[in-house]
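Data block below; observations after.
Here the structure is a predicted model, which is why all the values come from computation and not from measurement.
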Amino acid sequence: MVSTSSTDGASPALHARAIGDRGSWVVFAHGLFGQGRNWTQIGKALADPARADQHRVLLVDLPHHGRSGWEDTFDYLRVAEQVAELLDADDPVALVGHSLGGKVAMVLALRHPELVERLCVVDVSPVAYDRLSEFSRYVAAMQGLDLASLASRGDAEAALADAVPDETVRGFLLQNLRRDGEGWRWQANLDVLGADLPEIGGWPEEQLAGTPPYSGPVLWVAGARSDYVRPEYAPAMDHWFPANRLVRVKEAGHWVHSEQPEVFLEVLRHFLDTTPSAG
């Protein structure tokens, strides 16, 4: 049984949306500045009642994102524990995570392998990245927007155009802009996400010291035009997740599932419906 909200009194509840009424659970974790609904297209396809291989799907808003609560800092172990509260060892899930959500999913699988029957990591590796300037620029641009003067979402898009010239990325970031009465607000916790970018780009190697590798089946899906999953990261991938298989999707960058949704869905379906080999 998977829950759609966290009940830990010490933390704000996580918002999650369930789709489908039968089949094994597939739980999705989004990337930085995202929200659970980014996985809606893939989730609805997996939960299609017309298919014999239907799954139940849970789309989670991670802390500091979407409709989930905010805290004072970002910490992968803390976030993984909050997502773990939604899961049940009596009904382990297939866990899918992209980018930041992929690191959350990896940490959760390592610390609570009884909750995760299999793991799919999308275009991120269990390593620390030092290229954070792009994301820092996004945070600064979003924080620099004069929300009080906005008359429309189109005004916001125009105001962000210089700092975020890529139209697709700009539209993705603007999904976080919400009406608040007569004004506007950012749904993402920009202060914490901006301040803790080094933590977000990192990997909690020291905190995971002594943690056994995750022995379940792992699918890595990387964009062929992305460099978040490099050959030199393979030793870290193999150390933490020895039963892994890597698939590179042509004509896709970092947002593999939105750039090549049909290919991604086919690859994911095959992974979900393949019986793990013994030993």
Side-chain angles (χ1 to χ4, degrees), residues 1-3 6 8 10-11 14 16 24-32 55 58 60 62-63 71 73-130 196 198-222 228-247 267-268 270-279:
M1 177 65 179
V2 171
S3 172
S6 168
D8 178 1
S11 66
L14 297 188
S24 60
W25 280 103
V26 185
V27 177
F28 288 90
H30 59 78
L32 182 60
H55 295 275
L58 193 69
V60 180
L62 295 175
E71 296 189 333
T73 60
F74 183 95
D75 176 82
Y76 275 115
L77 271 69
R78 170 65 175 158
V79 174
E81 290 300 318
Q82 289 176 272
V83 178
E85 292 168 11
L86 304 177
L87 311 182
D88 187 338
D90 290 334
D91 193 8
V93 306
L95 185 57
V96 183
H98 170 244
S99 197
L100 174 150
K103 287 189 172 182
V104 171
M106 285 188 276
V107 172
L108 196 162
L110 288 167
R111 289 173 59 86
H112 296 285
E114 74 282 359
L115 299 177
V116 182
E117 190 269 337
R118 63 186 65 205
L119 175 68
C120 175
V121 181
V122 186
D123 211 63
V124 74
S125 303
V127 301
Y129 297 98
D130 57 8
D196 287 355
E199 178 78 20
I200 292 168
W203 171 252
E205 191 81 29
E206 291 185 5
Q207 292 169 286
L208 292 170
T211 303
Y214 173 72
S215 60
V218 179
L219 171 67
W220 243 283
V221 183
Y228 278 81
V229 183
R230 299 179 180 177
E232 57 263 38
Y233 301 155
M237 295 160 63
D238 293 341
H239 167 71
W240 289 113
F241 305 96
N244 77 74
R245 179 171 68 92
L246 172 62
V247 173
V267 170
L268 181 59
H270 179 74
F271 176 64
L272 294 175
D273 298 329
T274 300
T275 302
S277 58

*Sequence neighbours excluded, which residues qualify as ring pair (Phe, Tyr, Trp, His ring centres under 6.0 Å) partners of H30?*
H65
*Distance from W25 atom CH2 to L58 atom CG, nearest 0.5 Å?*
5.5 Å
Only pairs under 3.5 Å count here: list side-chain donor-acceptor contacts from residues 228-235, not counting sequence neighbours, and write none if there are none.
unit_1, atom_1, unit_2, atom_2, d
R230, NE, D227, O, 3.2
R230, NH2, D227, OD2, 3.3

_Where V116 and P92 come nearest, the two heavy atoms and their spacing_ = N-CB, 4.1 Å
*Answer yes or no: is there a side-chain heavy-atom contact under 4.5 Å between F271 and P217?*
yes
*Kindly compute the distance separating CG (D196) from OH (Y76), expressed to the nearest 0.5 Å.*
10.5 Å
*Could you walk me through whether V267 and L219 pass side-chain contact (heavy atoms from CB on, under 4.5 Å), step by step?*
CA-CA 9 Å; V267 170; L219 171 67; 3.8 Å; yes
*Any chance you could lay out the side-chain contact (heavy atoms from CB on, under 4.5 Å) test for L14 and L62, step after step, and finish with the verdict?*
CA-CA 7 Å; L14 297 188; L62 295 175; 5.7 Å; no
*Among all residues two or more places apart in sequence or in another chain, which pass the ring pair (Phe, Tyr, Trp, His ring centres under 6.0 Å) test with F28?*
W39
*Distance from W203 atom CH2 to S125 atom OG, nearest 0.5 Å?*
10.0 Å
_Within this structure, what is the CZ-OG1 distance for the pair R78 and T73, rounded to the nearest 0.5 Å?_
9.0 Å
_Validation row: E71, P63 side chains within 4.5 angstrom (heavy atoms)_ = no
*Residues two or more places apart in sequence or in another chain: which of them pass side chain to side chain donor-acceptor pair (under 3.5 Å) with D75?*
Q207
Please tabulate, for side-chain N and O atoms in residues 95-115, each donor-acceptor pair with protein atoms closer than 3.5 Å (sequence neighbours left out).
unit_1, atom_1, unit_2, atom_2, d
H98, NE2, H254, O, 2.9
S99, OG, H254, NE2, 2.9
K103, NZ, V127, O, 2.8
K103, NZ, G201, O, 3.0
K103, NZ, G202, O, 2.5
R111, NE, E81, OE2, 3.1
R111, NH2, E81, OE2, 3.3
H112, ND1, E114, OE2, 3.3
H112, NE2, E81, OE1, 3.1
H112, NE2, E81, OE2, 2.9

_Pairs touching residues 200-210 that satisfy salt bridge (Lys or Arg N to Asp or Glu O under 4.0 Å), sequence neighbours left out_ = none
*Please tell me if the side chains of L86 and V27 come closer than 4.5 Å, counting only heavy atoms from C-beta onward.*
no
*Are the side chains of L208 and W240 in touch, meaning some heavy atoms are under 4.5 Å apart?*
yes
*For G216 and A243, work out which heavy atoms get closest and say how close.*
O-CB, 3.6 Å
*Is any side-chain heavy atom of D273 closer than 4.5 Å to a side-chain heavy atom of H55?*
yes
*Positive for side-chain contact (heavy atoms from CB on, under 4.5 Å) with R118, one of V93, V218, V26, L272*: L272
